[in-house]
S.K.: 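Here's a structure for you.
In this chain, numbering begins with 1 at the start of the sequence shown. First listed ligand is number 1; within each ligand, the first listed atom is number 1. Here the structure is a predicted model, which is why all the values come from computation and not from measurement.
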Amino acid sequence: MKLAFNEGTTWESASLQQNLEYCEKYGYDYIEIRAIDQLKDYLKENTLGDLKEYFDTHKIKPLSLNALCFFNNRTKEDEEKVIEEFKEYLEICKKIDCEYICVVPSNIDVTEKGKTLIEEINASCIRVLSHLSDLAKPYGVKIALEFIGIQENTVNTFSQAYNIVKDVNRDNVGLVYDTFQFTGMGSRFEDVTDETAEKIFIFHINDVDGYPVGQMRDTDRVWPGHGVIDLEAHLKRLKELKYDFVASVELFRPEYYQMDPEEVIKKAKETTLEVLEKYYK
Ligand code: ZN
């Protein structure tokens, strides 16, 4: 299993350049780049050519761009903007040899009449993802759909996300399996079947404070092994499915943003390896 660092973990405390240097120093294999902010900041003073050169001359490699946000159930005008953003991401991927783009489903205000039926959500996801798949194919880029384990997200369980990518039925469309998102809305291990294995593209590892289902938030994430998630059960299941690609540590905790980012990157690796090593080398 390879080890990756998701820039969300230090997004208020470090630049992309710092993340690259500390990840290289502490031996990470991959980085998930925040295209929505940290990459934009980097490109104010650097070029994609500089970034490519960094990857070419170091061990660390790009895993994904994070993330194309809120792609489904949008107005026609907003959907067109999302598609344009995706096309920009594809060009970035091409320039830096990045294989994956993570995509995040839309949030809906569940307190208003704006609630949408699952049937309409899934239909929109399938239609847009099929279009993105066509666009990504000539680039050799894969799309990883990340379900978001909060009430107001339109795709908030593993089984719903899997059913969408199954219906999209393209080799370049799969899932992000994130232990926080999985726990957040009570996704079930029984839905993680052998059939789903080939659609699990990226594994995000983290832990969370013990709040009820539906009340956990990104800011409640803690170091792997320091919260209430049964990470051993997740790793055991992934091992049974013969998933052996990448574990990417992804935390969004405000206290960690107050820490020295080098310490965060070091500790994120140590705590991740502690839980991984029982199942993976
Ligand atoms: Zn994630």
S.K.: Compute the ring centroids of Phe203 and Phe245, then answer whether they are less than 6.0 Å apart.
M.R.: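 Distance test on ring centres: not under 6.0 Å, no.
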
S.K.: Is the Zn ion (ligand 1) under 2.8 Å from any N, O or S atom of Cys102?
M.R.: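 No, since none of the N, O or S atoms of Cys102 sits under 2.8 Å from the Zn ion (ligand 1).
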
S.K.: Rounded to 10 degrees, what angle sits at the Zn ion (ligand 1) between Glu250 OE1 and Asp178 OD2?
M.R.: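 The two atoms subtend 80° at the Zn ion (ligand 1).
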
S.K.: In His204, what N, O or S atom is nearest to the Zn ion (ligand 1), if we give its atom name?
M.R.: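 In His204, the N, O or S atom with the shortest distance to the Zn ion (ligand 1) is ND1.
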
S.K.: Please check if Tyr177 and Phe252 belong to a single hydrophobic cluster, counting links between Ile, Leu, Val, Met, Phe, Trp and Tyr side chain heavy atoms closer than 4.5 Å.
M.R.: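 Different hydrophobic clusters.
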
S.K.: Which of the N/O/S atoms in Glu146 sits closest to the Zn ion (ligand 1)?
M.R.: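 In Glu146, the N, O or S atom with the shortest distance to the Zn ion (ligand 1) is OE2.
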
S.K.: Decide side-chain contact (heavy atoms from CB on, under 4.5 Å) for Ile150 and Asn156; before the verdict, give the C-alpha distance in whole Å, the side-chain angles of both, and the deciding distance to 0.1 Å.
M.R.: CA-CA 6 Å; Ile150 56 174; Asn156 57 20; 5.9 Å; no

S.K.: Could you tell me how the ring of Phe182 sits relative to the ring of Phe189: parallel (under 30°), tilted (30 to 60°) or perpendicular (over 60°)?
M.R.: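 The rings of Phe182 and Phe189 sit tilted, inter-plane angle from 30° to 60°.
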
